[in-house]
Amino acid sequence: MGRYFARIFKAMLVSAIGFGGGIGLLFMIIIIIIHNGPDKFYLAMKAGLCVGGVFSLLYVFFLLLLDLTSKLYYSRGHFDEIWEVQQTRELTMKGPSKQVLAFCREALLAVPYVKAVTEDAENMVARASTGTSWRSPGEVIEVEVNPLAEDEWKVTIMSRPEKKDNFFDYGKNFVNVEVWFSKVTQLEQERDKKKKS
């Protein structure tokens with residue numbers, strides 16, 4: 001949670017300089033053009049800083065509310081790592097290695113906006129990338145399969161933004177991991193039902 005607040009502080013700085021700075025500069029230019037007097041530059045600087053600061057705070061507040069509400073909505077009570085941009089989950093799967101990797105690949109294809117899935121059967125790793133959505137410019141998803149015992153595997157999925165300077169993901173990485181997790185679980189249950197019948 002501390003890292004989440006650190007990201008919010010960084011977002012405030014970036015928006016104050018970027019978005020707030022642009023609005024402030026616009027107001028400075030308007031005041032310099034409109035106001036006639038010896039102190040117009042001082043007045044323009046003061047107005048630009050005040051208006052730019054207010055706009056940047058409102059902008060960050062809006063993004064923060066959007067991020068929090070989407071994360072709380074998608075989490076539905078599962079708060080494990082919800083505040084982090086990068087999401088990671090682990091599970092144990094049973095079966096032959098090829099089947100486990102095939103399930104992981106099929107589950108990656110179920111992730112929303114997925115555009116490419118690659119598989120490294122030798123290193124037991126599957127990777128996917130997602131396209132642009134309103135919540136994110138794209139994510140990188142990686143599934144790693146490690147042996148625990150004979151026909152038993154520890155599977156780790158990690159979803160993170162493509163760009164490292166993302167402050168908010170609006171729950172997109174969480175959704176990627178949860179969709180993958182539920183699809184893999186469904187595939188395992190279907191396989192077990194077929195074995196029993």
Side-chain angles (χ1 to χ4, degrees), residues 1-89 108 110-118 127-142 157-181:
M1 188 104 166
R3 283 185 284 197
Y4 185 71
F5 287 119
R7 282 200 317 273
I8 291 169
F9 182 71
K10 285 180 189 175
M12 287 176 72
L13 285 177
V14 168
S15 69
I17 293 168
F19 182 75
I23 298 291
L25 187 61
L26 175 68
F27 268 82
M28 284 175 60
I29 292 169
I30 290 170
I31 289 177
I32 288 173
I33 292 171
I34 293 175
H35 186 68
N36 288 328
D39 60 343
K40 68 180 177 181
F41 288 110
Y42 172 73
L43 186 64
M45 286 288 287
K46 191 174 176 184
L49 285 172
C50 291
V51 172
V54 168
F55 267 87
S56 66
L57 286 175
L58 288 174
Y59 182 66
V60 169
F61 183 70
F62 173 73
L63 291 178
L64 178 62
L65 282 179
L66 196 60
D67 187 52
L68 285 174
T69 53
S70 61
K71 283 187 176 186
L72 292 174
Y73 173 76
Y74 290 119
S75 68
R76 299 179 198 260
H78 303 286
F79 295 109
D80 187 34
E81 293 185 13
I82 188 67
W83 306 110
E84 299 297 325
V85 175
Q86 177 177 312
Q87 294 290 310
T88 307
R89 298 285 184 283
L108 280 174
V111 173
Y113 301 104
V114 77
K115 63 179 183 179
V117 177
T118 59
R127 291 181 185 87
S129 60
T130 64
T132 306
S133 69
W134 71 268
R135 292 188 279 173
S136 170
E139 300 88 35
V140 175
I141 307 167
E142 187 172 298
I157 181 170
M158 183 266 307
S159 179
R160 62 176 171 77
E162 268 184 7
K163 298 178 181 175
K164 292 184 179 181
D165 58 350
N166 265 21
F167 297 119
F168 302 111
D169 74 334
Y170 310 104
K172 183 70 169 72
N173 288 299
F174 185 83
V175 169
N176 291 345
V177 169
E178 292 305 312
V179 167
W180 179 88
F181 192 88

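Only a predicted model underlies this, so the values are computations on that prediction, with no experimental measurement involved.
A pairwise comparison of heavy atoms in Ala110 and Val179 identifies O-CG1, 3.5 Å as the closest pair. Closest approach of Thr130 to Val111, counting heavy atoms only: CG2-CG1, 4.3 Å. Pro137 approaches Thr132 most closely through the heavy-atom pair O-OG1, 3.4 Å. For Val114 against Ala128, the heavy-atom pair with the smallest separation is CG2-CB, 3.8 Å.
Judged purely by distance below 3.5 Å, without hydrogens or angles, the side chains of Gln87 and Ser159 never pair a donor atom with an acceptor atom.
A salt bridge is defined here as a Lys NZ or Arg NE, NH1 or NH2 lying under 4.0 Å from an Asp or Glu carboxylate O, and Glu178 with Arg89 meets this definition.
More than 12 heavy atoms of other residues, nucleotides or ligands shown are found within 6.0 angstrom of OH on Tyr170. No more than 12 heavy atoms of other residues, nucleotides or ligands sit less than 6.0 Å from atom CE of Met45.
The structure places CG of Leu108 at 7.5 Å from CH2 of Trp180, a figure rounded to the nearest 0.5 Å. Between atom CD1 of residue Ile30 and atom CG of residue Leu25 there is a gap of 10.0 Å, rounded to the nearest 0.5 Å. Atoms CG and CZ, from Leu58 and Phe62 in turn, are 11.0 Å apart once rounded to the nearest 0.5 Å. Put simply, CZ on Arg127 and CE on Met158 are 8.5 Å apart, with the number rounded to the nearest 0.5 Å.
In this structure, the side chain of Asn173 does not engage the main chain of Gln86 through any donor-acceptor pair within 3.5 Å.
Remark: Ser129 engages Lys115, Ala116, Glu162 in a side-chain contact (heavy atoms from CB on, under 4.5 Å) (not counting sequence neighbours). In this structure, the side-chain contact (heavy atoms from CB on, under 4.5 Å) partners of Leu43, at least two apart in sequence or on a different chain, are Ile31, His35.
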(request) Apply the test side chain to side chain donor-acceptor pair (under 3.5 Å) to residues Lys172 and Asn176: give CA-CA distance (whole Å), side-chain angles for both, the deciding distance (0.1 Å), then the verdict. (result) CA-CA 6 Å; Lys172 183 70 169 72; Asn176 291 345; 2.9 Å; yes
